[in-house]
Amino acid sequence: MKTPNGLQALIDDGVIDRVLRPLKSGKEASVYVVHGGGEVRCAKVYKDMAQRSFQQRSLYQEGRKVRGSREARAIGKATRYGRKQQEVAWKNAEVDALYQLRDAGVRVPEPFGYFHGVLVMELVTDAAGHSAPRLGEVELSAEQARDFHRFLLREIVKMLCVGLIHGDLSEYNVLVAEEGPVIIDFPQVVSAAGNNASRRLLLRDVNALTACLGRFAPELLDTWYGEEMWALYETGDLRPDTALTGVFVPDTSRVDVESVRHAIEDARQEAIIRQQGREAAQEE
């Protein structure tokens, strides 16, 4: 096939030998099956911001770290340089997450490197050696659905224990490989501690998978694993091997909303003062 523009530089540098075929095209990137390193792999070519259809980017970018204070200020002011740095940070997010999650024992594709804005990684295959289907494309028995649900919850816990939440997890970004489910697509990964929407995104991830697998094992629909693991995470009691029950009793005690508002405002003002002090020190 004709070599896509985004992959020619990798061929020129010898990272890959040739492009075999397109694999999929999504809202954030196009993925191709390539040959490199003596084996078949896949290459993810990220789309530029103007080409992407994904909305609510700011929701996911909150809490992400950038290289330095200059870049952080530029991003905050939405300057031209800031937008460029924001784009770089967005494209690096998945790469960094894959390496971190592989080290944590989460079943994700093995990354082989990031070259010229392209992520080269393992091609996930099924038992026949074909590209693995998505979770939403397979029929499961009730027992398989329960096993997959149990396994995927454990992977989500491992992710949360290293401070990450997928943020867009569903039946469309879980592949069913020969050895079982593999989680893919991490451009929207968020910091559990640094993003105000982290709890909501975690619950959405868990609920999306539960709804999918609950079609085959309806009893899963009556579980509350997301709420349970978040409560344990907040108290510092969540571990990769923590036994979850799926049972959760919400705290119905009355909340002093006014006190919460004051605490938030105090924290905001303190953050502003500290940032102003840092900027003044750097200028000096």
Side-chain angles (χ1 to χ4, degrees), residues 24-31 44-49 51-66 72 75 85-109 111 114 119 121 124 134-136 148-149 151-175 181-213 223-234 238 240 244:
K24 72 167 188 173
S25 181
K27 55 195 175 186
E28 302 119 0
S30 295
V31 182
K44 188 169 188 175
V45 182
Y46 295 97
K47 296 179 180 179
D48 292 331
M49 186 178 294
Q51 298 175 300
R52 298 199 301 267
S53 60
F54 188 76
Q55 304 298 315
Q56 295 183 310
R57 283 187 288 267
S58 60
L59 172 67
Y60 296 89
Q61 290 169 340
E62 179 185 353
R64 287 188 180 175
K65 295 181 180 179
V66 293
I75 290 174
Q85 291 304 310
Q86 189 175 44
E87 185 75 355
V88 170
W90 181 85
K91 291 181 178 181
N92 285 335
E94 179 167 30
V95 183
D96 294 340
L98 282 178
Y99 281 104
Q100 186 175 355
L101 294 174
R102 286 284 296 191
D103 289 344
V106 180
R107 190 182 289 171
V108 297
Y114 184 59
L119 171 62
M121 56 186 168
V124 180
R134 299 177 183 181
L135 181 60
F148 280 15
H149 188 257
F151 175 81
L152 288 168
L153 287 180
R154 184 55 50 199
E155 301 304 277
I156 293 173
V157 167
K158 290 178 187 176
M159 291 171 58
L160 191 54
C161 285
V162 295
L164 296 178
I165 296 171
H166 187 287
D168 193 33
L169 193 55
S170 72
E171 60 197 278
Y172 300 106
N173 38 40
V174 174
L175 299 180
V182 179
I183 302 175
I184 62 171
D185 292 341
F186 289 89
Q188 278 74 247
V189 66
V190 300
S191 164
N195 191 302
N196 288 322
S198 54
R199 177 183 179 275
R200 174 160 60 93
L201 293 173
L202 173 72
L203 297 186
R204 191 176 71 180
D205 284 354
V206 174
N207 292 340
L209 291 179
T210 300
C212 169
L213 296 169
T223 58
W224 301 86
Y225 287 103
E227 289 84 351
E228 181 185 8
M229 67 175 70
W230 182 258
L232 291 168
Y233 170 75
E234 280 193 311
L238 187 67
L244 300 176

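Side chains included, hydrogens not; waters and symmetry mates left out as well; all remaining heavy atoms used. Remember, predicted model here, so these are calculated numbers, not experimental data.
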> Can you list the steps and then say if D96 with V189 is a side-chain contact (heavy atoms from CB on, under 4.5 Å)?
Replying inline: CA-CA 10 Å; D96 294 340; V189 66; over 6 Å; no
> Run the side-chain contact (heavy atoms from CB on, under 4.5 Å) check on V108 and E94 step by step: do they pass?
Replying inline: CA-CA 11 Å; V108 297; E94 179 167 30; over 6 Å; no
>> Under the criterion side-chain contact (heavy atoms from CB on, under 4.5 Å), I'd like the reasoning laid out for L209 against F148: C-alpha separation, chi angles, the key distance, then a yes or no.
In response: CA-CA 10 Å; L209 291 179; F148 280 15; over 6 Å; no
> Where do L201 and R204 land on the side-chain contact (heavy atoms from CB on, under 4.5 Å) test, with the steps shown first?
Replying inline: CA-CA 5 Å; L201 293 173; R204 191 176 71 180; 3.5 Å; yes
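Classification of K24 and D185 as a salt-bridged pair holds, one side-chain N sitting under 4.0 Å from a carboxylate O.
Rounding to the nearest 0.5 Å gives a distance of 8.5 Å between CD1 of I183 and CG of N173. E28 contributes atom CD, which lies 4.0 Å from atom CD of Q188 (distance to the nearest 0.5 angstrom). A distance of 12.5 Å separates CG in N207 from CZ in R200, rounded to the nearest 0.5 Å. With rounding to the nearest 0.5 Å, the separation of CG in L153 from CE in M229 is 5.0 Å. The OH atom of Y225 sits 6.5 Å away from atom NE2 of H149, with the distance rounded to the nearest 0.5 Å. Considering CG of D205 and CE of M159, their distance stands at 7.0 Å, rounded to 0.5 Å.
The shortest side-chain heavy-atom distance between V106 and L164 does not fall under the 4.5 Å cut-off.
Ring geometry for H166 versus F186: interplanar angle of 30 to 60°, hence tilted.
Residues S30 and S25 approach most closely at OG-OG, 3.3 Å, considering heavy atoms. Across L98 and P109, no two heavy atoms sit closer than the pair CD2-O, 3.9 Å. Among all heavy-atom pairs drawn from A193 and Y233, the shortest one is N-OH, 3.6 Å. Looking at every heavy atom in both residues, C212 comes nearest to E171 through SG-CB, 3.6 Å. The heavy-atom pair separating G226 from L202 by the smallest distance is O-CD2, 4.1 Å. Shown here for S198 and S191, the closest heavy-atom pair between the two residues is CB-O, 3.9 Å.
No donor-acceptor pair closer than 3.5 Å links the side chain of K158 to the backbone N or O of L101.
Atom OH of Y172 has 12 or fewer heavy atoms from other residues, nucleotides or ligands within 6.0 Å. Environment of CH2 in W230: crowded, with over 12 heavy atoms of neighbouring residues, nucleotides or ligands closer than 6.0 Å.
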